[in-house]
Amino acid sequence: MHADPRKTPCWRTGRPLPQGKVALRDIQSIGREIANLAFPLHVLVPDAAYRSRSELATCHVSSSTYPRGSFVRLAEGVLVSSPELCFVQMATKLPPIALVRLGFELCGTYGIPTVARADYGFERPFTTVARLGRFIEAAGDMPGTVKARKALRFIASGSASPMETCMVMLLCLPLRLGGYNLPKPQMNREVRPKRRGRLAPGDRQCFCDLVWHEARVALEYDSSEFHGPRQAADDARRRNVLLNRGFTVVSVTSGSARNLIELDRIAQILRTRLGVRLRSGQPSWRARQHVLHGMLLENPRLPRP
């Protein structure tokens, strides 16, 4: 958020931040009016002279010009960074792997764990890869845009769980980051019968966790936590529908994702079906894979077998 946004509508006109010192009473008022805020609040100010010293607020000086769509109105007189601006801002703080994972979360339909488990089933994502790209281009030379632009190449829209995000990153990140460098799939997209633009009577709608349409390959992540215990029968029916539509279906569990030998086998199956060369296996790459695997999966809030 930034100080006194009502004076200058910079979120619309692309102007710099308005001048004004952050008042402690305003921070306290925001805390009373808006539930579940974590303190200290991080506040943008246009000059060091407008900083305020308080345990309730951390001020960040920014002389950048903010493009349209940078801020979202949270309450009267209170603006917060939009998902697109948040991504660029966090690019100045996060390492590349963490930034890519944040991008998946912003473009997905799940929330990161906050009270011991993640939230699922958002009706729509906070943003999309396309919207992030447009904002980065509009932001010009704002700090963080270079790293954000590089990370954007590896992000896919539509992830429905942290483990789906992990699987795409493990399989598709480039070798220099520890991934298998496989083509990026579409996520949670509808799969239709081959050579048919619409479903015939009696056909079922079918959505896949990860799908490579041209190669007719689908990957399904099996987890009772992320997909719900009542989903087991539906998952089985969906796999049968996919097989009937000419798809190769690869199933992945939490245990196989955490086992590098099993992960190698899954990547090899996908490589063969996708018709791409797998250049991994060198000692230097294996070391990078261990780092990536640890960053993504050594999380006590992710499911274990």
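These values consider heavy atoms only, across backbone and side chains, with no hydrogens, waters or symmetry-generated copies. Computed from a prediction, not measured in an experiment: that's the story for all the values here.
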Check the pair Ser254, Tyr221 against side-chain contact (heavy atoms from CB on, under 4.5 Å), reporting the backbone distance first and the verdict last.
CA-CA 8 Å; Ser254 176; Tyr221 176 69; 3.3 Å; yes
Go through the steps to decide whether Leu242 and Cys208 satisfy the test side-chain contact (heavy atoms from CB on, under 4.5 Å), and finish with yes or no.
CA-CA 9 Å; Leu242 288 169; Cys208 298; 3.4 Å; yes
Practice item. Determine, step by step, whether Val43 and Ile27 satisfy the side-chain contact (heavy atoms from CB on, under 4.5 Å) criterion, reporting the C-alpha distance in whole Å, the side-chain angles of both residues, the deciding distance to 0.1 Å, and the verdict. Key: CA-CA 10 Å; Val43 184; Ile27 298 297; 4.2 Å; yes
Kindly compute the distance separating [atom1] ([X]) from [atom2] ([Y]), expressed to the nearest 0.5 Å.
X: Ile269; Y: Thr248; atom1: CD1; atom2: OG1; value: 9.5 Å
X: Cys166; Y: Phe104; atom1: SG; atom2: CZ; value: 9.5 Å
X: Ile97; Y: Leu102; atom1: CD1; atom2: CG; value: 13.0 Å
X: Ser157; Y: Met187; atom1: OG; atom2: CE; value: 9.5 Å
X: Met90; Y: Lys147; atom1: CE; atom2: NZ; value: 9.5 Å
X: Arg68; Y: Arg134; atom1: CZ; atom2: CZ; value: 13.0 Å

Are a donor atom and an acceptor atom from the side chains of [X] and [Y] found within less than 3.5 Å of each other?
X: Gln28; Y: Arg25; answer: no
X: Glu84; Y: Ser70; answer: no
X: Glu164; Y: Tyr110; answer: no

Donor-acceptor under 3.5 Å ([X] side chain, [Y] main chain):
X: Trp212; Y: Leu274; answer: no
X: Asn259; Y: Glu262; answer: yes
X: Ser82; Y: Gly69; answer: yes
X: Asn181; Y: Leu175; answer: no
X: Arg216; Y: Arg245; answer: yes
X: Arg51; Y: Cys59; answer: yes

Give the minimum heavy-atom separation between [X] and [Y], together with the two atoms involved.
X: Thr58; Y: Pro40; value: OG1-CG, 3.5 Å
X: Ala257; Y: Met167; value: CB-SD, 3.8 Å
X: Tyr180; Y: Leu263; value: OH-C, 3.5 Å
X: Phe39; Y: Leu56; value: CD2-O, 3.4 Å
X: Leu106; Y: Pro83; value: CD1-O, 3.7 Å
X: Met142; Y: Ser64; value: CG-OG, 3.9 Å

By ring pair (Phe, Tyr, Trp, His ring centres under 6.0 Å), His60 pairs with (sequence neighbours left out) His42
Do [X] and [Y] have side chains that get closer than 4.5 Å, going by heavy atoms?
X: Ile266; Y: Leu219; answer: yes
X: Pro185; Y: Val211; answer: no
X: Phe247; Y: Val191; answer: yes
X: Pro46; Y: Val61; answer: no
X: Leu296; Y: Arg101; answer: yes
X: Cys107; Y: Leu132; answer: yes
X: Arg288; Y: Leu177; answer: no
X: Leu41; Y: Ile30; answer: yes

Return the set of residues passing side-chain hydrogen bond (donor to acceptor under 3.5 Å, both in side chains) with [X] (not counting sequence neighbours), or none when no residue passes.
X: Thr145; value: none
X: Thr92; value: none
X: Ser159; value: Thr165
X: Ser62; value: Tyr66

Check against side-chain contact (heavy atoms from CB on, under 4.5 Å), Val72 and Phe126 = CA-CA 12 Å; Val72 177; Phe126 289 110; over 6 Å; no
Side-chain heavy atoms under 4.5 angstrom apart, residues restricted to Ile, Leu, Val, Met, Phe, Trp, Tyr: same cluster for [X] and [Y]?
X: Leu173; Y: Leu260; value: yes
X: Val168; Y: Phe207; value: no
X: Phe87; Y: Val146; value: no

| request: Using a strict 4.0 Å threshold on nitrogen-to-oxygen distance, state whether Arg271 and Asp264 make a salt bridge. | output: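 So Arg271 does not pair with Asp264 through a salt bridge.
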Residues 149-156 side chain polar contacts: donor-acceptor under 3.5 Å, at least two apart:
unit_1	atom_1	unit_2	atom_2	d
Arg149	NE	Glu137	OE2	3.0
Arg153	NE	Lys150	O	3.3

